[in-house]
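Below is one structure; the comments refer to it alone.
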Amino acid sequence: MPAEVQVYNAETAAATAAPARKQNIAFAWFAGSLASCGAVTFTNPFEVVKTRLQLQGELAKATPNMVKPYHNVAQAFWVIGKNEGLRGLQKGLGPGYMYQIMLNGTRLGLYEPAKNALYSVVTGSASSGQKPIIPLNVAAGGMCGVAGAALGSPFFLVKTRMQSSSSFAAVGHQHHYKSSLDGLRQIWRQGGMRGLFRGMDAAMMRAGAGSSVQLATYDHFKSYISRKLSHRGFDDNSVYTHFMASMGTGFFVCLVMNPFDVVSTRMYNQKAAAAGHGGALYKNPLQCFYKTVSTEGFFSLYKGFLAHYLRLGPHTILMFVFVEQIKALGARYF
């Protein structure tokens with residue numbers, strides 16, 4: 001082949017590669033946002049239950065006479081539904097959508113580029129076609145989760161406070177917001193930009209821990225299942241493969257993330273200090289860890305674990321099944 005043709009082909013490939021990469025990242029962001037919003041629509045009631053179980057008995061030593069409005073997941077679900085109706089079970093859904101777009105749109109959109117960059121630095125080539133390297137997948141997932149949590153922190157703040165609010169069985173400090181916008185407005189008026197991003201450090205720890213496990217283990221489970229069961233139709237594009245990989249992933253994510261989730265919930269829900277700077281109960285996530293464990297015991301970090309899994313397990317399954325199907329549709333029609 002003549003040299004000028006080779007040069008032309010190389011230039012053409014380079015010119016078309018960049019837009020393709022941008023399009024892939026943009027579509028992955030869109031797919032992640034849409035899939036996670038679809039998933040949270042079904043799982044938000046368990047998020048409400050989990051939030052209230054985690055705030056119940058905050059910094060109080062357990063005694064036989066302690067009054068607990070919520071005894072377990074099923075009873076809490078019944079109490080909230082009976083006294084607050086469907087609106088009570090779906091509290092915080094609006095800011096929940098915005099948080100999912102910021103968190104999962106970012107981390108799922110940037111995960112593959114981040115993973116490819118790390119593989120290129122360490123091995124000299126992108127991750128596609130290589131055997132998965134778990135530490136690199138964990139690092140890529142953690143970085144993307146931290147970035148998404150930082151962007152979505154104000155919405156998680158409003159969501160947590162709206163979900164803890166109850167006129168029937170209140171737990172934790174009560175914030176009375178009429179809507180998501182009213183919540184953002186009140187927080188801005190009281191604390192400005194610092195108020196909107198209060199608790200972001202705890203959320204970044206939570207999302208970093210969860211994302212590093214979720215994205216890496218999902219990759220590993222999907223690869224393992226499609227490799228071992230491909231003869232039974234469980235290939236990379238099979239809904240059954242996505243479902244099974246998501247089931248395994250959800251458990252491990254919940255196991256790792258629940259302590260960070262308890263701390264994050266409490267950091268977000270606490271009232272502001274009298275001086276207006278920081279929180280009234282906890283100055284930072286480490287102090288929240290210490291005060292929670294020293295007062296309520298180690299297993300207080302696993303409060304709401306079942307509700308968390310009942311929320312996170314189906315959410316993980318639905319999100320990854322949705323995102324895989326959206327990607328498949330995108331590859332077919334776009």
Side-chain angles (χ1 to χ4, degrees), residues 25-26 28-37 39-40 43 47 50 95-119 127 132-157 159-160 197-222 245-246 248-265 267-268 284-286 288-289 301 308-309 311-320 322-324:
I25 294 172
W29 183 88
F30 168 77
S33 299
L34 185 60
S36 57
C37 284
V40 81
T43 60
E47 180 77 4
K50 181 213 69 170
Y97 282 143
M98 292 304 301
Y99 177 69
Q100 291 298 324
I101 290 169
M102 293 297 177
L103 174 68
N104 287 309
T106 300
R107 70 192 187 117
L108 293 176
L110 296 180
Y111 177 61
E112 286 297 330
K115 188 171 71 168
N116 285 332
L118 287 176
Y119 273 72
S127 61
I133 303 174
I134 299 299
L136 295 185
N137 293 357
V138 168
M143 289 189 298
C144 296
V146 166
L151 290 172
S153 185
F155 301 106
F156 196 94
L157 174 66
K159 177 187 76 70
T160 300
F197 284 91
R198 181 176 295 133
M200 183 180 72
D201 46 0
M204 290 169 71
M205 291 168 64
R206 170 188 178 275
S211 296
S212 60
V213 175
Q214 187 180 54
L215 297 177
T217 53
Y218 179 76
D219 254 8
H220 180 72
F221 277 128
K222 190 173 81 166
S246 299
T249 297
F251 175 77
F252 286 104
V253 172
C254 197
L255 197 65
V256 171
M257 197 167 72
N258 205 83
F260 298 98
D261 195 59
V262 170
V263 169
S264 180
T265 298
M267 288 286 292
Y268 274 130
N284 54 60
L286 291 179
C288 184
F289 266 112
L301 294 175
H308 192 189
Y309 182 71
R311 199 280 301 179
L312 191 64
H315 183 90
T316 302
I317 292 166
L318 289 169
M319 185 182 71
F320 278 120
F322 287 165
V323 81
E324 295 283 5

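What you see is a predicted model; the values in this text were computed from it and never measured. If you read the sequence from its start, that first residue is 1, and numbering goes on from there.
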Query - Validation row: Arg107, Val146 side chains within 4.5 angstrom (heavy atoms) - result: no
Requested in this report: Walk me through it: do Tyr97 and Ser36 pass the test side-chain hydrogen bond (donor to acceptor under 3.5 Å, both in side chains)?
Outcome: CA-CA 8 Å; Tyr97 282 143; Ser36 57; over 6 Å; no
Query raised in the report: Taking all atoms of both residues into account, what is the closest heavy-atom pair of Ala149 and Ala203, and its distance?
Result: CB-O, 3.6 Å
Query raised in the report: Taking it one step at a time, do Lys159 and Glu47 satisfy side-chain contact (heavy atoms from CB on, under 4.5 Å)?
Result: CA-CA 10 Å; Lys159 177 187 76 70; Glu47 180 77 4; 2.8 Å; yes
Report task. Hey, could you give me the CG/CG distance between Asp201 and Leu286, rounded to the nearest 0.5 Å? Result -> 8.5 Å
**Report entry** Distance (rounded to the nearest 0.5 Å) between Cys288 SG and Met205 CE
**Finding:** 9.5 Å
Query raised in the report: How many angstroms lie between atom NE2 of His220 and atom CD1 of Ile133, to the nearest 0.5 angstrom?
Result: 13.5 Å
Query - Residue pair Ser33 / Gln100, side-chain heavy-atom distance below 4.5 Å - result: no
Query raised in the report: So, Tyr119 versus Asn137: side-chain donor-acceptor pair below 3.5 Å or not?
Result: yes
Query - Distance, nearest 0.5 Å, that separates CG of Leu34 from CH2 of Trp29 - result: 10.5 Å
Report task. Assign the ring pair Phe156 / Tyr268 to parallel, tilted or perpendicular, where the plane angle (0 to 90°) is split at 30° and 60°. Result -> tilted
Report task. Using a 4.5 Å cut-off on heavy atoms from C-beta on, say whether the side chain of Thr106 contacts that of Cys144. Result -> no
Query raised in the report: side chain to side chain donor-acceptor pair (under 3.5 Å) with Asp261: which residues, sequence neighbours excluded?
Result: Lys50, Gln54, Arg206
Requested in this report: With sequence neighbours left out, write down each residue that passes salt bridge (charged side-chain N to carboxylate O under 4.0 Å, His left out) with Lys222, or none if nothing qualifies.
Outcome: Glu324
**Report entry** His315 and Asn104, any side-chain heavy atoms less than 4.5 Å apart
**Finding:** yes
Query - Sequence neighbours excluded, every pair satisfying ring pair (Phe, Tyr, Trp, His ring centres under 6.0 Å) that has a member inside residues 197-219 - result: Tyr218-Phe320
Requested in this report: Give, for atom CD1 of Ile101 and atom CZ of Phe155, the distance between the pair rounded to the nearest 0.5 Å.
Outcome: 8.5 Å
Query - Check against side-chain contact (heavy atoms from CB on, under 4.5 Å), Leu118 and Met143 - result: CA-CA 11 Å; Leu118 287 176; Met143 289 189 298; 3.7 Å; yes
Report summary line: Closest non-hydrogen atoms of Met267 and Ala202, given as atom of the first, atom of the second and distance, are CG-CB, 4.0 Å
Requested in this report: State the CG-OG1 distance between Leu318 and Thr43, to the nearest 0.5 angstrom.
Outcome: 7.0 Å
Report task. Pick out which of Val138, Thr249, Val256 makes a side-chain contact (heavy atoms from CB on, under 4.5 Å) with Thr217. Result -> Thr249
Query - Side chain proximity check, Val253 to Leu312, heavy atoms < 4.5 angstrom - result: yes
**Report entry** Test item: Val262 and Phe289 side chains (from C-beta on) under 4.5 Å apart, heavy atoms
**Finding:** no
Requested in this report: Would you name the heavy atoms of Gly199 and Ser153 that are closest together and state the gap between them?
Outcome: C-OG, 4.5 Å
**Report entry** Smallest separation among heavy atoms of Gly248 and Phe221, with atom names
**Finding:** C-CE1, 3.6 Å
Requested in this report: Measure across Tyr309 and Cys254 and return the closest heavy-atom pair with its distance rounded to 0.1 Å.
Outcome: N-SG, 3.5 Å
Query - Gly152 to Tyr99 - nearest heavy-atom pair and separation - result: O-CD1, 3.3 Å
